[in-house]
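Remarks on the structure that follows.
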Amino acid sequence: MKERRVIRNFLENEIMCYRENKAKLEELRNEIIESGPLPDDSGIRSGIGNPTASKAERLTSTRYLVELERRITAISKVVKDIEVNQPEKRRLLEMRFFTHPRRFTDYGVYRSLNISRRTYYRWVNEIIAEVGQEMGLM
């Protein structure tokens, strides 16, 4: 039971940090792309270096980048599905997770959306579960 709570808290935090992490991923990618060649690319050891191939390898093999991209992709898929197929949840997603998540209380969110408390928590749980399924955690 404790493990489920930890996973849920992790997923909730990932959703709340989605936009920040998306920006961080782009920033890290740009740093790698715009960086100069690595010492291995100097051509001293193995003839002519290939800085482009080296950068591509760093973009696809850096564990942190790969994991961050996997999380962002999973959340993006759920967000896109909600925006297209479940427009009634879109505002909840925005207010609860993206727009300064602690700016609104749960009560304030479901009152402004004109939905019941039960519906609110059901939708929140569904969003978290969908993200968990996309990430392979639930």
Side-chain angles (χ1 to χ4, degrees):
M1 206 56 152
K2 189 174 186 177
E3 185 178 299
R4 286 182 107 189
R5 193 172 330 126
V6 170
I7 292 171
R8 179 187 161 74
N9 289 342
F10 167 77
L11 292 169
E12 192 170 6
N13 186 55
E14 284 299 312
I15 298 168
M16 287 180 183
C17 295
Y18 166 69
R19 290 186 174 161
E20 293 156 8
N21 286 342
K22 196 172 179 181
K24 186 188 306 182
L25 178 63
E26 285 305 311
E27 184 180 317
L28 291 170
R29 282 181 179 161
N30 288 336
E31 281 179 22
I32 290 172
I33 291 169
E34 294 172 4
S35 68
L38 292 174
D40 292 340
D41 295 330
S42 63
I44 295 172
R45 249 187 332 168
S46 61
I48 299 174
N50 190 344
T52 303
S54 175
K55 290 176 185 181
E57 183 178 331
R58 281 191 287 167
L59 285 171
T60 58
S61 66
T62 305
R63 280 186 183 168
Y64 178 72
L65 283 178
V66 171
E67 180 60 24
L68 190 58
E69 186 168 12
R70 185 182 74 80
R71 293 175 187 177
I72 289 169
T73 301
I75 297 169
S76 293
K77 188 173 181 182
V78 172
V79 168
K80 186 180 243 181
D81 178 60
I82 288 171
E83 288 175 347
V84 172
N85 299 319
Q86 304 169 52
E88 67 280 358
K89 288 184 185 177
R90 190 179 86 230
R91 284 195 58 221
L92 176 131
L93 187 67
E94 190 65 37
M95 291 177 76
R96 172 68 167 79
F97 294 104
F98 299 151
T99 308
H100 308 289
R102 296 296 162 215
R103 179 175 170 201
F104 300 102
T105 63
D106 291 347
Y107 176 81
V109 174
Y110 66 75
R111 291 292 293 175
S112 76
L113 295 176
N114 200 26
I115 59 175
S116 70
R117 180 177 187 267
R118 185 174 179 171
T119 299
Y120 169 80
Y121 285 109
R122 183 171 40 88
W123 285 0
V124 168
N125 290 332
E126 287 171 0
I127 290 168
I128 292 170
E130 287 177 42
V131 171
Q133 287 173 341
E134 282 299 319
M135 286 188 189
L137 298 175
M138 296 180 111

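Just so you know, these numbers use all the heavy atoms, side chains as well, and skip hydrogens, waters and symmetry mates.
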Checking side chain to side chain contact (heavy atoms under 4.5 Å, CB included) for the pair K24/N21: CA distance, chi angles, key distance, verdict? CA-CA 5 Å; K24 186 188 306 182; N21 286 342; 3.9 Å; yes
K22: which residues meet the salt bridge (Lys or Arg N to Asp or Glu O under 4.0 Å) condition with it, sequence neighbours left out? none
What is the minimum heavy-atom distance between G108 and T105, and which atoms define it? N-OG1, 2.9 Å
Is any NZ, NE, NH1 or NH2 atom of the basic residue among E67 and R70 found under 4.0 Å from an Asp or Glu carboxylate oxygen of the other? yes
L11 side, atom CG; Q133 side, atom CD - distance, nearest 0.5 Å: 10.5 Å
Nearest heavy-atom contact between I127 and F97 is CG2-CE1, 4.1 Å
Take a 6.0 Å sphere around CZ of R122 and say whether it holds more than 12 heavy atoms from other residues, nucleotides or ligands. yes
Does the N125 side chain pair with the main chain of Y121, one donor and one acceptor, at a distance under 3.5 Å? yes
Decide, yes or no, whether a salt bridge links R19 with E94 under the criterion of side-chain N to carboxylate O below 4.0 Å. yes
Min side-chain heavy-atom separation R91-V109 under 4.5 Å: no
Value for CG (D106) from CZ (R96), rounded to nearest 0.5 Å, stands at 5.0 Å
Linked, directly or transitively: V124 and V6 (ILVMFWY side chains, under 4.5 Å): no
Starting at CG of L137, measure out to CZ of R8 and round the result to the nearest 0.5 Å. 14.0 Å
Assess whether a salt bridge exists between R5 and E12, defined as any Lys/Arg side-chain N lying under 4.0 Å from an Asp/Glu carboxylate O. no
Distance (rounded to the nearest 0.5 Å) between R71 CZ and L25 CG: 11.5 Å
Answer yes when R29 and E26 have at least one side-chain N-carboxylate O distance shorter than 4.0 Å, and no when they do not. yes
I15 with V84, same ILVMFWY side-chain cluster at under 4.5 Å: no
I need the N85 CG to K80 NZ distance, nearest 0.5 Å. 11.0 Å
Quick one: closest heavy-atom pair of R90 and I82, and the distance? N-CG2, 3.8 Å
Just verifying a value: how many Å separate L92 CG and I115 CD1, rounded to the nearest 0.5 Å? 5.5 Å
Going through the checks in order, is the side chain to side chain contact (heavy atoms under 4.5 Å, CB included) test met by Q86 and D81? CA-CA 7 Å; Q86 304 169 52; D81 178 60; 3.1 Å; yes
Would you say the side chain of L113 lies within less than 4.5 Å of the side chain of M95, judging by non-hydrogen atoms? yes
Is any side-chain heavy atom of V79 less than 4.5 Å from a side-chain heavy atom of E83? yes
